[in-house]
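Heads up, the thing below is written out as structure tokens.
Positions are given from 1, in the same order as the sequence printed here.
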Amino acid sequence: MSLCFSVSESAFNLRYGFRDSEPMGQSLKIRVKTGTRKGFCPSKVVCVDYPRPDIDNTSNFLEAAYLSSSFRTSPRPSKPLKVVIAGAGLAGLSTAKYLADAGHKPLLLEARDVLGGKVAAWKDGDGNWYETGLHIFFGAYPNIQNLFGELGINDRLQWKEHSMIFAMPNKPGEFSRFDFPEVLPAPLNGILAILRNNEMLTWPEKVKFAIGLLPAIIGGQAYVEAQDGLTVQEWMRKQGVPDRVTTEVFIAMSKALNFINPDELSMQCILIALNRFLQEKHGSKMAFLDGNPPERLCLPIVEHIQSLGGEVRLNSRVQKIELNDDGTVKNFLLTNGNVIDGDAYVFATPVDILKLQLPENWKEMAYFKRLEKLVGVPVINIHIWFDRKLKNTYDHLLFSRSSLLSVYADMSLTCKEYYNPNQSMLELVFAPAEEWISCSDSEIIDATMKELAKLFPDEISADQSKAKIVKYHVVKTPRSVYKTIPNCEPCRPLQRSPVEGFYLAGDYTKQKYLASMEGAVLSGKLCAQAIVQDYVLLAARGKGRLAEASMCP
């Protein structure tokens, strides 16, 4: 996940390394309607973006904004700290951004030649982008929404209508919707969206589910945290919720949240999502980024860091964390032979990479030993370009409700940069992926086409006798976000480690948004906050090292 040159020294190269991709920026206004069966929504395409929702006055947004402002208004350090950060995903970028805001000098090291980590993307020989994942930005992501505003790029989010749209496996080619009325506040808009949908759940099932949720509503956060020991399936059965509710709704939700099924996912994850989506009027409203994440999101963060004296280096992979005699970090040794030292050090890589890099004499510390239970989940992201424009889709995220696929979107509709009036490009998340991660790309595509034939029965067939594949890309991530299985919560570390001057950032670290882009950004802010709070201690350590060095012959 990294790159090697200094952005501060080679900003031109980084800025124009992606120069062949210019956002198309069309105003998309296309409407296509086809026939419908009674009781079901028509298949349609509506390519019109919606205004940014009014989220700036919510308590969560204001809390996030206050934390952001604390860095800009903190006392300027007499001697800025040099903070070395490994990993330029959203967690590392966020850490560096807020440290720079506080007047410090972050040096961000990325192992690969692309920014973004789990939101990385690449351009193929035809000039088309393909991504690590299908990334959705929710209204309930206050720290990410603040970040966009701080960077002046709010207009890069393409907001969609306030709906959740599910395919109907028993009725191929048809969809069922949960539409959130704009005129009602939360949670009434969510409750009405559920009550008005009679295609997925019966009234008795809705009532039993509502009764099952009462303890969570009454018990609040304490109750939610206490459910970490149960899987979704176990919790539903314990609460007397029919299995069909899990099958109809929560298989799709579990795979969308953590790429695993309800018999593995911790119920705490579902309850946190429901709390965010139902307690905030626009919490479940979704937006797509208007182009590829490295350029449209990550590069503005890098430019902000650079403007404040920070630095980003790509192709800079950490080979070893070298230690002082007292067990603190001496420096990061890179695979290219460079030695990087600083006043403080941050590992903002996925937890699996951190565990491989841990020094031997750290591994028995309880703080690090608990990390053994945190393991990344395999994910496969698929892009398929077809020779025609598919009609049976929406300008929105779609829950496939397939045994192999999680969510998908026609990116030629949802994303301005990828817009194409003549051909569709489906981006799909293949999950759970553990049994498929070692399969060939062609095997994965063959299995995907069989599932797509059920979603597009009139347009796609497994043998390509209808829509034909022009090309495809399969992106495998053997270890993505941490697998949110029961009893993981006590294992998630705080950002400040017991090793003086060493910190962690990443969605697996302790923060309230679990394994998500929002969680990664918040973890970076909390990591930066811990370093700023430790400034006096870290500055004193730096002076001590200088004094020690001056005494050497």
Side-chain angles (χ1 to χ4, degrees), residues 6-9 67-110 147 150 301-313 316 318 321-324 326-334 338-349 354 357 359 362 493-506 509 520-550:
S6 163
V7 174
S8 62
E9 296 171 352
L67 180 53
S68 293
S69 70
S70 71
F71 297 103
R72 298 189 297 272
T73 59
S74 64
R76 298 297 90 179
S78 56
K79 184 182 182 302
L81 298 173
K82 178 184 177 183
V83 183
V84 184
I85 304 165
L90 289 180
L93 287 165
S94 173
T95 304
K97 190 265 186 195
Y98 291 105
L99 282 172
D101 284 348
H104 298 290
K105 303 300 178 189
L107 170 56
L108 187 57
L109 307 172
E110 168 54 40
L147 180 61
E150 292 160 25
I301 305 175
V302 168
E303 291 173 336
H304 179 86
I305 294 166
Q306 289 176 209
S307 73
L308 296 174
E311 188 179 348
V312 179
R313 298 181 189 176
S316 296
V318 176
I321 302 172
E322 297 195 314
L323 303 184
N324 295 305
D326 63 358
T328 59
V329 180
K330 181 179 181 181
N331 56 56
F332 284 171
L333 173 65
L334 307 188
N338 290 342
V339 175
I340 310 294
D341 59 14
D343 299 303
Y345 300 85
V346 178
F347 242 66
T349 68
L354 168 66
Q357 296 284 3
W362 287 6
L494 295 171
Q495 288 74 30
R496 181 188 287 109
S497 87
V499 177
E500 192 174 280
F502 185 76
Y503 303 81
L504 299 179
T509 63
V521 170
L522 178 55
S523 78
K525 292 175 84 168
L526 295 175
C527 181
Q529 182 184 50
I531 293 171
V532 171
Q533 290 170 346
D534 293 348
Y535 170 70
V536 173
L537 172 66
L538 295 170
R541 288 182 69 243
K543 288 178 181 178
R545 287 198 307 273
L546 286 173
E548 189 176 298
S550 67

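- Atoms OH and CG, from Tyr345 and Leu538 in turn, are 11.0 Å apart once rounded to the nearest 0.5 Å.
- When side chains are defined from C-beta on, Phe71 does not count as touching Lys97, because their heavy atoms never get closer than 4.5 Å.
- Between Ala539 and Leu81 the shortest heavy-atom distance is N-CD2, 4.1 Å.
- Val521 and Ser94 make their closest contact through O-OG, 2.8 Å (heavy atoms, listed as atom of the first residue, atom of the second, distance).
- Under the 4.5 Å side-chain criterion, counting only non-hydrogen atoms from C-beta, Thr349 is not in contact with Gln357.
- Contact annotation: the side chain of Val532 approaches that of His104 to within less than 4.5 Å [non-hydrogen atoms, C-beta and beyond].
- The CD1 atom of Ile321 lies 12.0 Å from the OG1 atom of Thr328; values are rounded to the nearest 0.5 Å.
- One finds the OH atom of Tyr98 at 8.0 Å from the NE2 atom of His304 (value rounded to the nearest 0.5 Å).
- Between the OG1 atom in Thr509 and the CG atom in Leu504 there is a gap of 7.0 Å [rounded to 0.5 Å].
- Closest non-hydrogen pair, Gly524 versus Thr95, comes out as CA-OG1, 3.2 Å.
- The side-chain heavy atoms of Leu67 and Leu522, taken from C-beta on, include a pair separated by under 4.5 Å.
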Starting from the C-alpha separation in whole Å, work towards a yes-or-no answer on side chain to side chain contact (heavy atoms under 4.5 Å, CB included) for Leu526 and Ser523.
CA-CA 5 Å; Leu526 295 175; Ser523 78; 5.7 Å; no
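- Side chains of Arg76 and Ser74: a donor on one and an acceptor on the other come within 3.5 Å.
- Of all heavy-atom pairs between Ala348 and Gly87, the closest is CB-O, 3.9 Å.
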Intermediate values then yes/no, side chain to side chain contact (heavy atoms under 4.5 Å, CB included), Val339 and Lys330
CA-CA 10 Å; Val339 175; Lys330 181 179 181 181; over 6 Å; no
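- Screening Tyr503, Phe332, Trp362 against Phe347 for a ring pair (Phe, Tyr, Trp, His ring centres under 6.0 Å) leaves a single residue, Phe332.
- For the pair Lys105 (side chain) and Leu308 (backbone), a donor-acceptor distance under 3.5 Å is present.
- Leu334 places a side-chain heavy atom less than 4.5 Å from the side chain of Val318.
- The heavy-atom pair separating Leu107 from Arg313 by the smallest distance is CD1-NE, 3.7 Å.
- To the nearest 0.5 Å, atom CG of residue Asp343 and atom CZ of residue Arg541 are 8.5 Å apart.
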Quick one, Gln495 with Ile531, criterion side chain to side chain contact (heavy atoms under 4.5 Å, CB included). Give me CA distance, side-chain angles, the key distance, then yes/no.
CA-CA 9 Å; Gln495 288 74 30; Ile531 293 171; over 6 Å; no
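- In this structure, the side chains of Val312 and Gln306 stay at 4.5 Å or more apart for every pair of heavy atoms.
- Rounded to the nearest 0.5 Å, atoms CD1 (Ile85) and CG (Leu99) are 5.5 Å apart.
- No donor-acceptor pair under 3.5 Å is formed between the side chain of Asn331 and the backbone N or O of Ile340.
- Here the closest non-hydrogen pair linking Pro77 and Ala102 is CD-O, 3.4 Å.
- Contact of the Ile301 side chain with the Leu147 side chain is registered, since non-hydrogen atoms from C-beta on lie closer than 4.5 Å.
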